[in-house]
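Since we're looking at a predicted model, the values are computed, not measured.
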Amino acid sequence: MVTVHQPHWGPAAARLRRRRRPPGRRRAYLSIKGLGDGAFGLLGLVLPAAAGARAEAWFMVCVALVPFVDTLMVLRHGGKKAVAFGIHFATAIVLLIGAGLLFAV
């Protein structure tokens, strides 16, 4: 039997190693969400070349609705306010600022 030495990185690393994979339904949800996010990103890259800056700006305005709704979902389900506003709400604001800059072009 061969044993592999794993270095000790402290209690935080131990907690990470003990984490389990999410249950089947949650894994499926995260896979679908990731696929949707990837599609949004790909369209966001192709749209300026195909339709121009104004179309990209409108696309970004529409896409900004997703993190706004994510903010509400996190808050509604008892998530941390720091996560809701620091990640999701901030993402929506950055998207809207980017859209505003594209409208100004």
Side-chain angles (χ1 to χ4, degrees):
M1 172 185 257
V2 176
T3 59
V4 177
H5 174 71
Q6 292 183 342
H8 176 69
W9 289 308
R15 280 194 303 275
L16 287 174
R17 285 192 303 270
R18 284 192 300 259
R19 281 197 185 163
R20 296 188 181 131
R21 294 176 57 178
R25 296 178 99 190
R26 186 168 174 217
R27 269 197 319 245
Y29 167 76
L30 292 175
S31 296
I32 292 169
K33 184 161 176 48
L35 182 63
D37 290 347
F40 274 142
L42 186 59
L43 183 59
L45 290 174
V46 171
L47 197 59
R54 192 161 186 85
E56 176 73 15
W58 279 113
F59 171 74
M60 289 177 72
V61 168
C62 294
V63 169
L65 293 173
V66 174
F68 272 128
V69 172
D70 287 346
T71 301
L72 297 175
M73 289 171 53
V74 169
L75 293 173
R76 183 171 185 229
H77 293 284
K80 294 181 181 181
K81 288 183 181 180
V83 170
F85 292 110
I87 297 172
H88 301 289
F89 190 77
T91 300
I93 296 300
V94 168
L95 283 167
L96 291 176
I97 290 170
L101 291 172
L102 284 170
F103 278 127
V105 170

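- The distance from atom CD1 of I93 to atom CZ of F89, rounded to the nearest 0.5 Å, is 4.0 Å.
- The cluster map of Ile, Leu, Val, Met, Phe, Trp and Tyr, joined by side-chain heavy atoms under 4.5 Å apart, puts V94 and V63 in different clusters.
- No continuous path of ILVMFWY side-chain contacts below 4.5 Å connects V74 to V66, so the two sit in separate hydrophobic clusters.
- Contact detail for T71 and A84: the closest heavy-atom pair is OG1-O, 3.4 Å.
- With rounding to the nearest 0.5 Å, the separation of CD1 in I32 from CG in D37 is 12.0 Å.
- Note on residues 73-95: no pairs pass salt bridge (charged side-chain N to carboxylate O under 4.0 Å, His left out), not counting sequence neighbours.
- The minimum heavy-atom distance between A64 and A92, with the atom names listed, is O-CB, 3.7 Å.
- Taken together through direct or relayed side-chain contacts under 4.5 Å among Ile, Leu, Val, Met, Phe, Trp and Tyr, M73 and I87 form parts of separate hydrophobic clusters.
- Interatomic distance, CG of L96 versus CZ of F68, reported as 5.0 Å (0.5 Å rounding).
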Anything under 3.5 Å between a donor and an acceptor, one on a side chain of residues 51-62, the other on a protein residue two or more places apart or in another chain? List them.
none

